[in-house]
Amino acid sequence: NLGGNRIAYNTLNNSQEKPPFDFNYMIKFAMDSGLKITISDGIYNSKDLLECPNVLKYGIDSVILGEELHNNSFPCQKIWRIIEAEVEQDKAFDYL
């Protein structure tokens with residue numbers, strides 16, 4: 001009634017184990033509410049991240065990656081860090 005049309009959905013999970021994101025629940029919630037949804041927490045791995053484009057048609061259209069991004073939770077990040085280290089090492093040799 002106030003004109004809002006988007007929410008940031010955040011899961012609460014205090015355990016060390018990170019369960020898969022419940023896309024079925026989120027799809028039902030999006031369809032029932034008619035809201036656009038940003039997933040603010042709950043995407044902990046590349047499998048769940050790769051599932052996100054499949055829910056665009058339901059209004060679940062964005063993801064905020066926080067701690068997972070900083071903790072290198074995704075495979076591509078490890079490759080990126082290795083390449084960064086090699087580039088930095090090469091730069092150090094250029095100065096010698």
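Once rounded to the nearest 0.5 Å, the distance linking CG of L35 with CD1 of I7 reads 5.5 Å. Rounded to the nearest 0.5 Å, atoms CD1 (I43) and CG (L49) are 6.5 Å apart. In this structure, SG on C52 lies 4.5 Å from CD1 on I39, to the nearest 0.5 angstrom.
Between I37 and D61, every side-chain heavy-atom pair lies at or beyond the 4.5 Å cut-off. Between T38 and V63, every side-chain heavy-atom pair lies at or beyond the 4.5 Å cut-off.
In terms of hydrophobic clustering, with Ile, Leu, Val, Met, Phe, Trp and Tyr side chains grouped at heavy-atom distances under 4.5 Å, L50 and Y44 are assigned to different clusters.
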Report all side-chain donor-acceptor pairs from residues 20-29 shorter than 3.5 Å, counting only partners two or more places apart or in another chain.
unit_1	atom_1	unit_2	atom_2	d
D22	OD1	N24	N	3.4
D22	OD1	Y25	N	3.1
K28	NZ	D32	OD2	2.7

| field | Check against side-chain contact (heavy atoms from CB on, under 4.5 Å), R6 and S62 | value | CA-CA 11 Å; R6 172 175 298 281; S62 53; 3.6 Å; yes
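In this structure, the side-chain hydrogen bond (donor to acceptor under 3.5 Å, both in side chains) partners of N54, at least two apart in sequence or on a different chain, are E51.
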